[in-house]
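For reference, the structure is listed below as structure tokens.
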Amino acid sequence: MKKFVLAAALTAAASTAFAGSMADPVVEPEIVETEASSSSAAVWVPLLLLVIVAAAAS
């Protein structure tokens, strides 16, 4: 009976010692959402060019 209790105690100690693994943890990548900015610069450049051409033509 003593051997059985000793074997059970050693088995329990060994199973908790190897419970974790040495593998790297799996970390899911963080998803970052970027909001679309308004492209007001894309509107101003052609308007400015139109004003310059209109001023040069007159």
Side-chain angles (χ1 to χ4, degrees):
M1 188 70 174
K2 281 185 179 181
K3 289 183 182 180
F4 179 73
V5 172
L6 182 62
L10 289 176
T11 303
S15 65
T16 57
F18 293 108
S21 66
M22 294 301 292
D24 291 332
V26 177
V27 179
E28 295 185 16
E30 182 176 329
I31 298 173
V32 178
E33 284 188 33
T34 57
E35 294 183 20
S37 62
S38 63
S39 58
S40 62
V43 174
W44 286 107
V45 172
L47 286 177
L48 184 62
L49 185 63
L50 184 65
V51 169
I52 291 172
V53 170
S58 56

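Since we're looking at a predicted model, the values are computed, not measured. Starting from 1, each residue takes its place in the sequence as its number. Side chains included, hydrogens not; waters and symmetry mates left out as well; all remaining heavy atoms used.
- Hydrophobic cluster membership for Phe4: none, as no Ile, Leu, Val, Met, Phe, Trp or Tyr side chain comes under 4.5 Å of it.
- Under the 4.5 angstrom side-chain criterion for Ile, Leu, Val, Met, Phe, Trp and Tyr, the cluster partners of Ile52 are Leu48.
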Steps toward side-chain contact (heavy atoms from CB on, under 4.5 Å) verdict (Leu47, Val51): CA-CA 6 Å; Leu47 286 177; Val51 169; 5.6 Å; no

